[in-house]
Novice: 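Just passing along the structure, written as structure tokens.
Reminder, nothing fancy here: chain letters follow the sequence lines and each chain counts from 1.
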Amino acid sequence: MENTIESALKQAIQNALTVIGVPEESIPDIHLETPRDPSHGDASTSVAMQLARVLKKNPRAIAQEIVDSLETDPARVDAVEIAGPGFINFRYSNRYLFDELQSILQDKTTYGRTHSRKGQRILIEFVSANPTGPLTVGHGRNAVLGDTIARLLEWTGANVDREYYFNNAGRQMRLLGESLRARYLQELGETVDLPDDGYEGAYITDIAKNWLTEDGGQHRDANSITPFKERAETAIFEEIRATLRRMKIEMDSFFNEHTLYESGAIDRVVETFRKKGLAYDHDGAVWFKTTEFGKEKDTVLIKSSGEPTYRLPDIAYHADKLDRGYDLCIDIFGADHIDTYPDVLSGLKVLGYDPERVDVLVYQFVTLVKDGKPYKMSTRKANFVTLDELMDEVGEDVTRFFFLMRSPNTHLEFDVAKAKEAGDKNPVFYLQYAHARIHSILRKVEELGGLSGKPALERLTHPSEIALIKTLLAFPGAVELAAAHQEPHRLINYLNECASGFTSFYHDCRILLEDVELMQARGNLAAACAAVLANGLGILGISAPERM
RNA sequence: GCGCCCGUAGCUCAACUGGAUAGAGCAACUGCCUUCUAAGCAGUAGGUUCCAGGUUCGAGUCCUGGCGGGCGUACCA
């Protein structure tokens, strides 16, 4: 990324500022942006306006001084203009655009990859649903966000591992085992009630039925619920893994909370806290002095029953992750967990870790809209929609897309009816359609002799052609931006621009022509666009079909 | 009560972290298929960016105070 035109321009501006005698300490961070309005050029900076106050001069006059001492590469930059209140606008040369287009055509499947996170090891923990039931729509946003952010980070050069953290002990799992036993016995004709607060979902009955066909009812008189718990866990985890696979999510590891008890990691955390005077006994429980870190109340680490609350293993777990040598650990949390992570960070600080190495992405809840009405869900009650059911209805691509298309920190309305309308109302098809359309044309170009290895790209002069090239060149930056913010929807916004840029080009400029040279130039532009769309959809985990 | 998030077109949401005339998609209206995929394109209409102050060359974006919604505020996860 060192030799990009942007970095060259920044350097040139920096130099010019020094030349005109701006003291080093008042030089701001030079920021280049792409103007919304194309008539304002291809890149723009507002340094002159930022300096107006320090230098006590008219911003336009400062801009003029900067431009006068600015040395830009005439092969890449056609014009430098001052506009508005003091913006300095840069216009790129066509030659630059064609050179860059050529490099897209060379890189194809790797175009858009950067090295900004090269050498970084990142662990991203997500989904992390306990095995008490199938994954529901509620987990979907977490799963897809986590996986897509992982893919984004991989595209910027990082080495990313995906981990699923779970707990198969405790009250919830006990209830699950008891619920399974009840169903099992019911299937054998006994009259047994589900336990209070038991799991009512039909999947429990399915597990019971399957088991019965295997074991013939030999667990009827088992006096321990352990086999029921284990059977339920295995069956449910199998289903969860299958669902994830269907969503194109491949975990690198599953981490059982229990190992933190066995290894003594939890005890060590408490010991260290005590040694530092940040843990104490009160009312039979062990407390963490979170008031030392700005909280209103201290927090219970170990209940008077002797059972730790989930915060304690959480702290030990994060320490474990950092011990494994990751530069960065990312957690994907729903908004309901928002209150827990400050404690984890405080705990890590006490243990001597740098909390900066943990990043928490909090996303807001999903409202599922069915028949125009919001649909309330709960795993324990039977009224939930599983991810599998959702994918059965709207397909895998649409499912991933809908979870990604909004900023993580706004509420997401998932309207099943809209997602199902496999037509113009569905934005995912717009991207796939543009891609398929290009391939359809390229197949025809192939019949007419194919694309030239050395296309005459300078034949591309139509405004729609130039605009499309510029959009394609923005791809690596869009990936970088989405990765930096951990917000996949930014990439979707970009891909929409890309697809609509193509369709404008498609309508303005015919590709299949007698003029073979022009056909090849345009064909190559279309091919470059297909490559960008395919790469972008790949990052989102959405297919890029060649025919529709 | 306190903490976090949100409030932008009729609806669902963007807006490159402070930039130039706030943009898309649905829905509405008007055009465009003997020519490469009409799952498309071009156009019209739609806005006091919740309200009131403040910061500055410049605010949807930052600060303060309200109003409205979501989530949390457990010896539940």
Novice: With no angle test and no hydrogens, is the base of A74(B) tied to the side chain of Asp339(A) by a donor-acceptor pair under 3.5 Å?
Specialist: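 Under the 3.5 Å cut-off, the side chain and the base do not form any donor-acceptor pair.
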Novice: Taking 4.0 Å as the cut-off, does a side-chain nitrogen or oxygen of Lys303(A) come that near to OP1 or OP2 on C76(B)?
Specialist: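 Answer yes for this pair, as a side-chain N or O of Lys303(A) is under 4.0 Å from OP1 or OP2.
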Novice: What is the base-pairing partner of U35(B), counting Watson-Crick and G-U wobble geometry with both distances under 3.5 Å?
Specialist: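 When the pairing criteria are applied, nothing turns out to pair with U35(B), so the answer is none.
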Novice: Please determine if a side-chain N or O atom of His489(A) lies less than 4.0 Å away from the OP1 or OP2 oxygen of A15(B).
Specialist: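 For His489(A), the contact criterion (side-chain N or O under 4.0 Å from OP1 or OP2 of A15(B)) is met.
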Novice: If the cut-off is 4.0 Å, is Tyr430(A) near the phosphate of C41(B), judged by side-chain N/O to OP1 or OP2?
Specialist: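 Yes, within the criterion.
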Novice: Counting neighbours of CG on Asp196(A) that are heavy atoms of other residues, nucleotides or ligands and sit closer than 6.0 Å, is the number greater than 12?
Specialist: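 Counting other residues, nucleotides and ligands, CG of Asp196(A) stays at 12 neighbours or fewer.
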Novice: Answer yes or no: does a side-chain N or O of Asn496(A) lie under 4.0 Å from OP1 or OP2 of A24(B)?
Specialist: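 It does not, given that no N or O in the side chain of Asn496(A) lies less than 4.0 Å from OP1 or OP2 of A24(B).
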Novice: For G19(B), which nucleotide is its Watson-Crick or G-U wobble mate, given both distances must be under 3.5 Å?
Specialist: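 WC or wobble partner is C57(B).
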Novice: Give a yes/no answer on whether the side chain of Lys297(A) brings an N or O atom under 4.0 Å of OP1 or OP2 in A74(B).
Specialist: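 Result: yes.
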Novice: Could you tell me the Watson-Crick or G-U partner of U8(B), where both distances fall under 3.5 Å? Say none if there is no partner.
Specialist: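 Check on U8(B): unpaired, no WC or wobble geometry under 3.5 Å.
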Novice: With side chains defined as the heavy atoms from C-beta onward, is the minimum distance between Glu125(A) and Cys329(A) less than 4.5 Å?
Specialist: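 No, every pair of side-chain atoms sits at 4.5 Å or beyond.
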Novice: Does any donor-acceptor pair link the side chain of Ser44(A) with the base of A20(B) at a separation under 3.5 Å?
Specialist: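 A donor-acceptor contact between them is present.
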Novice: Under 3.5 Å, is there any donor-acceptor pair linking the side chain of Ser304(A) to the base of C75(B)?
Specialist: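 Result: at least one qualifying N/O pair found.
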Novice: Check if the side chain of Ser46(A) and the base of G19(B) share a donor-acceptor pair of N or O atoms closer than 3.5 Å.
Specialist: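 Pair found.
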Novice: Measure from the side chain of Arg490(A), starting at C-beta and using heavy atoms only, and say which of C36(B), C16(B), G3(B) lies closest.
Specialist: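 Output: C16(B).
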Novice: Measure CG/Asn426(A) against C1'/U12(B) and give the value in whole Å, please.
Specialist: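 These atoms are roughly 13 Å apart.
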Novice: Tell whether Tyr310(A) reaches the base of A77(B) with its side chain through a donor-acceptor pair below 3.5 angstrom.
Specialist: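 A donor-acceptor contact between them is present.
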Novice: Checking all strands, does Leu481(A) fall into the base, sugar-phosphate, or nothing category for heavy-atom contacts under 4.0 angstrom?
Specialist: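 Sugar-phosphate contact only - Leu481(A) comes under 4.0 Å of backbone atoms but never of a base.
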Novice: Return the pairing partner of G3(B) with a 3.5 Å limit on both distances, Watson-Crick or G-U wobble; otherwise return none.
Specialist: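 Its partner is C71(B) (Watson-Crick or G-U wobble, both distances under 3.5 Å).
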Novice: Tell me: CD of Gln172(A) to P of C76(B), nearest whole Å?
Specialist: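 Those two atoms, CD and P, are 12 Å apart.
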Novice: Quick one: Phe333(A) CZ to C4(B) C1', roughly how many Å, whole number?
Specialist: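 So the two atoms are 14 Å apart, to the nearest Å.
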Novice: According to the interplanar angle, ranging from 0 to 90°, do the rings of Phe254(A) and Phe237(A) count as parallel (below 30°), tilted (30 to 60°) or perpendicular (above 60°)?
Specialist: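 Phe254(A) vs Phe237(A) ring planes: perpendicular.
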Novice: Return the value, rounded to whole Å, for the distance between atom CD of Gln364(A) and atom P of G7(B).
Specialist: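 Rounded to whole Å, this separation is 10 Å.
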Novice: Identify whether any heavy atom of Asn130(A) sits under 4.0 Å from a base atom; if not, whether one sits that close to sugar-phosphate; answer base, sugar-phosphate or nothing.
Specialist: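 Sugar-phosphate: the residue Asn130(A), judged by heavy atoms under 4.0 Å, touches backbone atoms but no base.
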Novice: OP1 or OP2 of G70(B) less than 4.0 angstrom from a side-chain nitrogen or oxygen of Thr410(A), does that happen here?
Specialist: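 For Thr410(A), the contact criterion (side-chain N or O under 4.0 Å from OP1 or OP2 of G70(B)) is not met.
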Novice: What is the distance from CZ of Phe429(A) to C1' of U37(B), rounded to the nearest Å?
Specialist: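 So the two atoms are 15 Å apart, to the nearest Å.
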Novice: Does A45(B) have a Watson-Crick or wobble partner in any strand here, with both distances under 3.5 angstrom, and which is it?
Specialist: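 Looking at the geometry, A45(B) pairs with no nucleotide.
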Novice: Should His507(A) be counted as stacked on G40(B), where stacking needs a ring-centre gap under 5.5 Å and an angle between planes under 30 degrees?
Specialist: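 A stacking contact does not exist, since His507(A) is not both close and nearly parallel to the base ring of G40(B).
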Novice: Examine A74(B): is either OP1 or OP2 under 4.0 Å from a nitrogen or oxygen in the side chain of Arg311(A)? Give yes or no.
Specialist: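 Checking Arg311(A) against A74(B): no side-chain N or O falls below 4.0 Å of OP1 or OP2.
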Novice: So Ala478(A), base contact, sugar-phosphate only, or nothing? Heavy-atom distance under 4.0 Å.
Specialist: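 Result for Ala478(A) = nothing.
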Novice: Less than 5.5 Å between centroids and less than 30° between ring planes, does Phe87(A) satisfy that with A20(B)?
Specialist: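 So Phe87(A) counts as stacking on the base.
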